[in-house]
Amino acid sequence: MGFYSESLIEYKRLQTKEVKIGDLLLGNGHPIRVQTMTTTDTMDTLATVEQTIRCIEAGAELVRITAPSKNEAENLLNIKNELIRRGYTIPLVADIHFTPNAAEIAARIIEKVRVNPGNYVDKKKFELIEYTDADYAEEIDRIRERFTPLIKICKEYGTAMRIGTNHGSLSDRIMSRYGDTPMGMVESAMEFLRIARGESYHNIVLSMKSSNPLVMVHAYRLLVKAMENEFKEIYPLHLGVTEAGDGEDGRIKSAVGIGTLLEEGIGDTIRVSLTEDPELEIPVCKGIVKRYSPSPTISRNVLDTSKAASSESESDNIGDIKTQVAYKRRETFLVNDIGGNHVPVVIADLSKLKTITPNDLQSIGYTYNEVTDKWNIADTAADYVFIGNRLLNFALPGTLKVIVYADAWKNAGDKKKYFPIYGDTEYAIANNKSKALNFVMVDCFTEGLPDTDLLEQLGKDKTVVLCFSSQHPHPMPAVRRMFGELGNRKIRNPVILIVDSNWQTADEHLIHYATEAGALLLDGLGDGVCFGMTPESYKNMADFSSQTMVSGRNYASINSVEEFINNTAFIILQATRTRISKTEYISCPSCGRTLFDLQETTAKIRAVTNHLKGLKIAIMGCIVNGPGEMADADFGYVGSGPGKITLYKGKEVVKRNVPSEVAVDELINLLKENSAWVER
Ligand code: SF4
């Protein structure tokens, strides 16, 4: 198996074909384009035009508009003309599900159509039918017959196309052969791509979206390999995590999925799907993309799997992560409660606080109750605190342990509570070490490979937890390369991912942590995280109450940098599905099909269910796509008509057309009936 990216150990952009969308060029090393989708009714020309303009002014380079039927497709002409009249000429994209006739109209009017291969021809019945090879071939002929007219129109009008697979809406045919898998997602797109190539039509972009970043990342990697293997060329990729939700959760989930792939040089355009107004998605997109600008030079023309690493030694250095496209946790031994089969730990950095009192622990999930003389411990309570060169003068919660520099540790009375941290060379010569747990800092490839003899020595020490960080301009690939070194030497010590941020705003820090740590965690690398800030960034953030998201909303009820970082760490672990500490919401971004106020409803449902740790609740705007798109949710709340909601358990309808005024209560009843409810 070859690589899916130009290089796993340094940043290089993947070479893709060039696609022309109106006047906009995409792929082939052009800047990563940012885009969004309107949420207005497409028949409401003025509202759609005005929302599109707000998106353009925020920086969108493409805007997608839903075209659920012929009427909306025809109205795209009015929308386009009005935009031109007002001086806006960016390319528009029609979003098509189920309706080839709408696609054929739209392709004559605007610059790009998006088709979903899961429902362009197939009507999903959720039936698992056994397909023989002959049945399968017959189905492909049926797709060819229905899809070819659109290709011909696109060729004639110079219209681009996105073949956009969604994890939740694979056809019954694909499901029957591949199941609900990343490979099924890839094959779903490849069926359509082969037909388009057969017609010599190449103005194509592809996407592999899922609400689960693990599935999404896996599918894009497989798609790159599949295109390279079959065609020896790669079409540009549109990246996105579907139904990511809102607020910090939506931003982090998107940054984990999109950022992981961009770090690998994969991705030519991105959309961040938030359950917020579409213009608010653009600053998040820009925040993600600016990390890769200006675009680096592409080193060679076509991805060559036989030369994927630039040298033999580089290939060796990747070790046992070299063929990994999916999640597989790196094997480690257990040190104290770190590594082995333990969930990744969270280390809170309190070292920048001038003094540390019991009250400060509230920001990392521990609240002291004076009356009962007990600590209340939240699901998102940090496991360790790093406090620098001092010791604490109060009794700590039972589950919390403390990391201090070696000098301070010598004076710590309770050696079961306090553990030392060393520099790597410092540890090699230290004669006073913990018998249970020693943290050892390793700088990854900032100035070449660390001392390999020392690394081997650390690998033999069963008390050592390695702490990886890097000052390299692209730290994530440098850290990943270090994991390769461990793999080559069969070193199985657990590793903490130390990520420092020198960005300015809370949004930027959030994206930084999510990208740098998320990309490694998604590959099963890392047994814990510790996030921090450079002194200057910390100073800028000190008055946390002044920090707002670009949406203008506050960062929930967050009061301090430490609380912000701790929350972020737990959301990243949840997004990478490595540690579940809260309810997961899969809410669609809404579009012209939406049948209720998604933002308000999501907030309402979140307010009453956010204590149900581990439960996945989907909130979807329409019955046409909602049930398919909500993928692996446990329960679904889906708009089924004006003022009507249908409730799902998994993919099964359990309460149909419930009046929206009582639908949230009915959802709670449904959770109770299924033993999924606990009182707060
Ligand atoms: S699920 Fe949401 S975003 Fe998707 S088509 Fe329906 S309303 Fe639009």
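Remember, predicted model here, so these are calculated numbers, not experimental data. Remember, it's 1-based here, ligands and their atoms both numbered in the order they're listed.
- Taking the side-chain contact (heavy atoms from CB on, under 4.5 Å) definition, one finds that Cys154 meets it with Ala107, Val113, Leu150, Thr159, Met161, Tyr201, sequence neighbours left out.
- For the pair Glu104 and Arg146, the salt-bridge criterion is met [side-chain N within less than 4.0 Å of a carboxylate O].
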Only pairs under 3.5 Å count here: list side-chain donor-acceptor contacts from residues 662-676, not counting sequence neighbours, and write none if there are none.
from, atom 1, to, atom 2, distance (Å)
Glu666, OE1, Lys655, NZ, 2.7
Glu673, OE2, Lys655, NZ, 3.4
Asn674, ND2, Leu670, O, 2.8

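- Relative ring orientation between His202 and Tyr235 is described as parallel, the plane-to-plane angle staying below 30° on a 0-90° scale split at 30° and 60°.
- Partners of Phe635 according to the ring pair (Phe, Tyr, Trp, His ring centres under 6.0 Å) rule, which considers only residues two or more places apart in sequence or in another chain, do not exist here.
- In this structure the side chain of Arg291 reaches within 4.5 angstrom of the side chain of Glu263, judged on heavy atoms.
- For atom 6 (Fe) of ligand 1, the count of nearby protein N/O/S atoms, taking only those under 2.8 Å, is 1.
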